[in-house]
Amino acid sequence: MDAGRTVRRRHYCTLHLYDMIVVGGNSAAEDALLLTGIAQKVILVHRRGTLRATGICHEPLQQAKNPEFCWNSTVTRLLHGDKLTGVRLQNLHTGEETDLTCNAIFISVWHQPATELVAGQLERDSSGYIYSG
């Protein structure tokens, strides 16, 4: 963004006012699932054609009322005047660019599970998440 403009944190109590873009992978699926119960609309932008998210959040996210999915895409530009008005996406297969209207973006980055306490006691996957069944 231009000098003098900022990206600000929003508190969960105000998220119901927003059409939200969520960017990221497995951790973004978890965050998007949470946001579907709060935000007006949630658009998950993902660089692949499917989520590799764990089943615990993948199925509920697919069944939630307000998520939309932009597969094989990345955000290349934030569109704004005084405030965010949208994002520009690029399809990674075709190179086509599309502008989406939104008034908030939530960038979700990798989460590291805090499971060291049970190392050697419970079976964990390669990312450190505990197998649940």
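Predicted, not measured: the structure shown is a model, and the values here were computed from it.
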Side chain to side chain contact (heavy atoms under 4.5 Å, CB included) evaluation trace for Lys41 with Lys65:
CA-CA 9 Å; Lys41 179 173 31 172; Lys65 63 179 173 145; over 6 Å; no

Please report the C-alpha distance between Thr76 and Leu89 in whole Å, then the side-chain angles of each, then the deciding distance to 0.1 Å, and finally whether the side chain to side chain contact (heavy atoms under 4.5 Å, CB included) criterion is met.
CA-CA 6 Å; Thr76 59; Leu89 301 180; over 6 Å; no

Could you check Phe69 against Thr50 for side chain to side chain contact (heavy atoms under 4.5 Å, CB included), going step by step and ending with a plain yes or no?
CA-CA 10 Å; Phe69 300 90; Thr50 60; over 6 Å; no

Check step by step if side chain to side chain contact (heavy atoms under 4.5 Å, CB included) holds for Thr85 and Leu79.
CA-CA 6 Å; Thr85 59; Leu79 306 174; 3.8 Å; yes

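Here CG of Leu78 is found 5.0 Å from CD1 of Ile105. Values are rounded to the nearest 0.5 Å. Note that CD of Gln40 and CG of Leu35 are 12.5 Å apart. Values are rounded to the nearest 0.5 Å. Note that the CD atom of Gln90 and the CZ atom of Arg77 stand 13.0 Å from one another [nearest 0.5 Å].
Without hydrogens or angle criteria, Glu96 side chain to Leu92 main chain gives no donor-acceptor distance under 3.5 Å. Listed for the Asn72 side chain is no donor-acceptor partner under 3.5 Å among the backbone atoms of His93. Proximity of a side-chain donor or acceptor of Thr115 to a complementary backbone N or O of Gly128 within less than 3.5 Å is detected. Side-chain atoms of Asn66 come within 3.5 Å of backbone atoms of Thr36 as a donor-acceptor pair (strictly under, hydrogens ignored).
In this structure the side chain of Cys102 never reaches within 4.5 angstrom of the side chain of Ile43, judged on heavy atoms. Side-chain atoms of Cys70 and Leu44, non-hydrogen and from C-beta on, never get closer than 4.5 Å to each other.
The closest side-chain donor-acceptor pair between Arg47 and Thr74, if any, does not fall under 3.5 angstrom.
Residue Val45 comes nearest to Ser73 through the heavy atom pair CG1-O, 3.5 Å, listed as atom of the first residue, atom of the second, then distance.
By the side-chain hydrogen bond (donor to acceptor under 3.5 Å, both in side chains) test, Arg88 is found to be paired with Asp99, residues two or more places apart in sequence or in another chain being considered.
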